[in-house]
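Right, one structure below, let's go through it.
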Amino acid sequence: MTTTVKETSPVTGRPVYLDVQATTATDPRVLDAMLPYFTHLYGNPHSRTHSYGWETEQHIENAREEVRQLIGAKDKREVLFTSGATEANNTIIKGIPRFYAQDPTSKRRHIITTQTEHKCVLDACRVLETQGFEVTYLPVSDTGLIDVNSLAAAIRPGQTVLVSVMAINNEIGVIQPLEQIGQLCRKNKIFFHTDAAQAVGKIPIDVEAMHIDALSISGHKIYGPKGVGAMYVRRRPRVRLEPLMHGGGQERGLRSGTVPTPLAVGLGAACRLAREDMAYDYAHVARLSDRLYRHVTAALPDVLRNGPADPAQHYPGCLNLSFAYVEGESLMMALKEVALSSGSACTSASLEPSYVLRALGRADEMAHSSVRFGLGRFTTEREVDFVVDRVIQHVARLRDLSPLWEMVQEGIDLSTIKWSDH
Amino acid sequence: MSVPSRESKLALFRALQRASYGFASYNFRQYALRRTADAFRANAHLADDAAVAAAYQRGTADLAMLRRQARINAEFAPPGYTSVIESTPSSSSSSSSSSSA
Ligand SMILES: Cc1ncc(COP(=O)(O)O)c(C=O)c1O
């Protein structure tokens, strides 16, 4: 077979994959569930006049039920398939405020979100700002948590229509206090949306207990296929939204377009596996994360964790570390044998320090020296040990080359130094 | 459903392990080995006959799936796509024995 795969360095083999927040490998069990829909079962699930449509519709409904169970929704009709979390976020964040602002006299034109949301949430909010809506971007603490009291203070009675706070941050793994936010929103009759792309399937999410009104899911973050996701939109109390896609009226009219059967079935299979093995996967990831952190920090001084240390507030599969006096970019270049990122895939092409780390109040140097270690279901202990070994070796080497590190070793307090402007 | 004998349970375990080795991808192979071992360890405590029989039946279905998927994984493996872990002799301070199982 002639493939067009780029030759990386063929002698050394493929790098260890520690970038599961960007995307995950499709689980072979998921692929196994999907394949029949590429071979035999190609019917349009919306065809009502023959068995081709009936059989695929049945399997899509089974997949919808799997998603429902994973997030604790009451009714599977509250689950709608999309092309991913980006589409779910856009549909919800634009759609809910627009629906409730249809009446020109409506005052409900205020949205609250946070400074550390994923780009697709922030950009959707920017669009709303150009269309007569107001958005409050809440700051976060130095561990990335929002303060529920500040959220309460930001609410404008009669004006705030939507609060959108992500469940787990994709760069630093902080888990926001969803239940408290949900309670606050419910009390104030404000809709609560959470971008749970990194959380669903990794930690327990219950839309009822957490009073979540709308939620976004991505297939490829949970070992499912790329190009599919789902949104949860509550029916009781009813959440209404203006769709982005118009057409055949599929997905209760909220997302027109033929549901891609293989992808929806794949998402369902991924959700079933995530539900059945959540505790098993979590224990594995937590053990490896702890091993990585312990071994790296035992060998290297001045390593700072970005995000909370408390496991109740932090997902261990997203370990973000700053190595003082080392450029994250240089470290990643040196770690050729490891596939890593300093943060989100969409911003890693630029040399700007991450806006998420900046929102934590990290100085630019520390934000620049960060590396995210993403651990998942398929990461092995041997890989972690391999990575620990290389990290220790290269951080030590890069520090030896750093004039700053030398000054620190000589006892010079860098904070007393006047830097020229930059 | 009849209760599987000790021999047939052992045979199923061995077949699952053997099938796991069919994955070309290091990570899928290691996961399949680990998941199989942990599932058998967890199910070793099952006392209820029906539960044992159900677990055995699940394992049998998993075996068919594993064989299919290991084959597909190997068939579609791009050339030269072995993990750096496999092409690096296990050096390093940390022991490389029994990865996580
Ligand atoms: C928190 C978060 N939201 C949304 C997305 C986008 O998801 P998708 O690729 O399914 O559109 C991602 C992944 O990049 C993410 O990490």
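The chains referred to below are lettered A, B, ... by the order of the sequence lines, with proteins before strands, and numbering in each begins at 1. The basis for the numbers below is simple: all heavy atoms, side chains too, and nothing from hydrogens, waters or symmetry mates. This one's a predicted model, so the numbers in the text were calculated from it and none came from an experiment.
Considering OH of B:Tyr31 and CG of A:Asp281, their distance stands at 5.5 Å, rounded to 0.5 Å. The distance from atom OG of B:Ser83 to atom CD of A:Glu383, rounded to the nearest 0.5 Å, is 5.5 Å. For the atom pair A:Arg29 CZ and B:Gln69 CD, the distance stands at 10.5 Å (nearest 0.5 Å).
Both tests hold for B:Arg35 against A:Tyr280: distance to the six-membered ring centre under 6.0 Å, angle to the ring axis within 45°.
Remark: A:Arg397 CZ is packed, more than 12 non-hydrogen atoms of other residues, nucleotides or ligands lying under 6.0 Å away.
If you measure heavy-atom distances from B:Leu66 to chain A, you find no contacts under 4.5 Å at all.
Minimum interatomic distance between B:Arg34 and A:Arg377 (heavy atoms only, all atoms of both residues): NH2-O, 2.9 Å. Pairing each heavy atom of B:Tyr26 with each of A:Thr380, the nearest pair is OH-OG1, 2.7 Å.
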Item to complete: Please lay out, stage by stage, how A:Arg14 and B:Thr82 fare under the test side chain to side chain contact (heavy atoms under 4.5 Å, CB included).
Response: CA-CA 6 Å; A:Arg14 295 204 93 190; B:Thr82 50; over 6 Å; no
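Chosen from A:Asp277, A:Asp27, A:Val16, A:Leu35, the residue pairing most often with chain B at heavy-atom distances under 4.5 Å is A:Asp277.
In this structure, A:Arg382 contributes its side chain and B:Ile85 its backbone to a donor-acceptor pair below 3.5 Å.
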